[in-house]
2 protein chains.
Amino acid sequence: METTWAPLLRAVGLRVTRPRLSVLSVLADHPHADADTIVLSARALHPTLSPQAVYGVLKALVARGLARRIEPAGAPALFELRVGDNHHHLVCRSCGAVADVDCAVGAAPCLTPADAAGYAVDEAEVVFWGLCRQCQATPDQFVRTDQHVLRGGAIA
Amino acid sequence: METTWAPLLRAVGLRVTRPRLSVLSVLADHPHADADTIVLSARALHPTLSPQAVYGVLKALVARGLARRIEPAGAPALFELRVGDNHHHLVCRSCGAVADVDCAVGAAPCLTPADAAGYAVDEAEVVFWGLCRQCQATPDQFVRTDQHVLRGGAIA
DNA sequence: CCGTTATCTTGAACTGGTCAAATCAAGACC
DNA sequence: GGTCTTGATTTGACCAGTTCAAGATAACGG
């Protein structure tokens with residue numbers, strides 16, 4: 001399976017190394033992993049892998065467009081391999097679980113700001129906040145209180 | 001001017017203190033200030049104000065819904081007083097400037113995820129990334145490279 | 001196989017933010 | 001107005017996540 005990644009790395013001008021193959025493999029298994037999870041999981045394939053190596057690999061992958069970095073407010077950065085397919089994220093306020101969502105109804109047009117205020121916009125990033133199925137079932141669980149629940153983007 | 005804020009604080013059950021009035025005043029002047037800016041500016045009104053006090057005040061304001069915390073990926077948190085009006089943000093990739101945008105065309109419906117995957121969604125947060133007018137004029141300026149430019153939410 | 005150069009390792013450091021104990025002052029009550 | 005109670009602030013240490021820097025290592029072209 002690892003051989004799958006090598007051509008992709010070469011295609012974007014990156015050398016094929018064990019740390020990179022390990023990280024890519026972990027990302028394939030864990031679609032929204034944070035750096036720490038990646039380090040721990042990748043060590044199954046490459047036991048001596050250092051955290052800094054992972055940061056370096058992730059930075060390279062993100063810079064070349066092989067991975068995407070997402071940073072939900074208040075949580076460590078997450079990384080995913082799905083790039084360029086115009087999808088967004090659902091984030092659980094309680095457990096931090098992240099799920100992918102394809103672009104909202106009507107696709108792109110609804111993501112054009114009404115007034116761009118002179119900005120040259122190249123991307124619209126959408127995060128849906130809520131509770132995942134599991135956390136809805138256990139209502140007395142910890143819920144983040146550092147952010148007011150009804151923020152600007154509240155629906156209806 | 002400061003007397004304007006006192007009733008608001010009392011209305012949400014917070015004591016009226018000088019640090020809080022100072023922070024509110026600064027937020028009114030700087031619509032998207034980070035904690036550091038707030039500390040520096042607020043010291044014009046309250047010279048002995050400590051950073052921790054500001055964090056405490058901001059936490060209280062956000063928890064009571066008087067302020068909102070926004071965290072553009074890769075930048076320190078910003079705070080604003082506009083709450084509950086369903087607006088979003090334009091962020092400049094180069095200088096970090098933030099501008100408000102009223103809800104996108106068509107309002108709420110377009111912010112309903114096509115498939116919520118069982119999540120109970122209570123908010124949709126939208127960030128438009130691009131270059132502000134000023135940074136478009138000076139193209140050779142520093143631009144963030146830690147994130148691939150064409151990410152999932154890319155327009156069109 | 002060798003050399004060049006990107007990449008990884010090791011270690012320290014930095015930023016933004018939080019936690020905890022002691023002091024202080026806002027507001028209720030008299 | 002004075003006193004008290006409790007919430008708020010100060011002061012200081014501390015933490016997580018991430019980045020930086022120097023030297024060792026390994027990928028890949030020749």
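Just so we're on the same page: letters track the sequence lines, and every chain starts at 1.
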Expected rows: protein N/O vs nucleotides 27-30 of chain C N/O, under 3.5 Å:
{"residue": "dG27(C)", "atom": "OP1", "partner": "V16(B)", "partner atom": "N", "Å": "2.9"}

Interatomic distance where [atom1] belongs to [X] and [atom2] belongs to [N] [whole Å]:
X: R69(B); N: dG16(C); atom1: CZ; atom2: C1'; value: 9 Å
X: K59(A); N: dA6(C); atom1: NZ; atom2: C1'; value: 15 Å
X: D36(A); N: dA16(D); atom1: CG; atom2: C1'; value: 10 Å
X: L49(B); N: dT9(D); atom1: CG; atom2: P; value: 9 Å
X: D34(A); N: dG17(D); atom1: CG; atom2: C1'; value: 10 Å
X: L9(A); N: dA26(D); atom1: CG; atom2: C1'; value: 15 Å
X: R20(A); N: dT9(C); atom1: CZ; atom2: P; value: 11 Å
X: R18(A); N: dA6(C); atom1: CZ; atom2: C1'; value: 18 Å

Reckon A60(A) touches a base, only the sugar-phosphate, or nothing at all at heavy-atom distances under 4.0 Å?
nothing
Drop me the distance from H88(B)'s NE2 to E125(B)'s CD, to the nearest 0.5 angstrom.
9.0 Å
CG on L58(A) to CG on L66(A), rounded to 0.5 Å:
11.5 Å
Under 3.5 Å, is there a donor-acceptor pair between the E80(A) and H89(A) side chains?
yes
Is there side-chain contact between Y119(A) and L131(B), with at least one heavy-atom pair below 4.5 Å?
no
Is the closest side-chain heavy-atom distance between S22(A) and R18(A) below 4.5 Å?
yes
List the atom pairs, with distances to 0.1 Å, where a side-chain N or O of residues 38-46 of chain A and a protein N or O form a donor-acceptor pair under 3.5 Å, not counting sequence neighbours.
{"residue": "S41(A)", "atom": "OG", "partner": "T37(A)", "partner atom": "O", "Å": "3.0"}
{"residue": "R43(A)", "atom": "NE", "partner": "L49(A)", "partner atom": "O", "Å": "2.8"}
{"residue": "R43(A)", "atom": "NH2", "partner": "L49(A)", "partner atom": "O", "Å": "2.8"}
{"residue": "H46(A)", "atom": "NE2", "partner": "T48(A)", "partner atom": "OG1", "Å": "3.4"}

Can you see which heavy atom on A60(A) is nearest to which on R20(A), and at what distance?
CB-NH2, 4.2 Å
Shortest non-hydrogen separation from F79(B) to L27(B) and the atoms involved
O-CD2, 3.6 Å
L61(A) pairs by side-chain contact (heavy atoms from CB on, under 4.5 Å) with which of L81(A), V83(A), L8(A), L9(A)?
L9(A)
[N] OP1/OP2 closer than 4.0 Å to side-chain N/O of [X]:
X: S50(B); N: dT11(D); result: no
X: H46(B); N: dA8(D); result: no
X: Y55(B); N: dG17(C); result: yes

Polar pair under 3.5 Å, donor/acceptor by atom type, side chain Q52(B), base dG17(C)
no
Angle between the two end axes of the helix from dC1(C)-dG30(D) to dC30(C)-dG1(D), five base pairs per end, rounded to 10 degrees?
40°
Nearest heavy atom decides the nucleotide; on that basis, is A35(A) or V54(B) closer to the 5' end of DNA chain D?
V54(B)
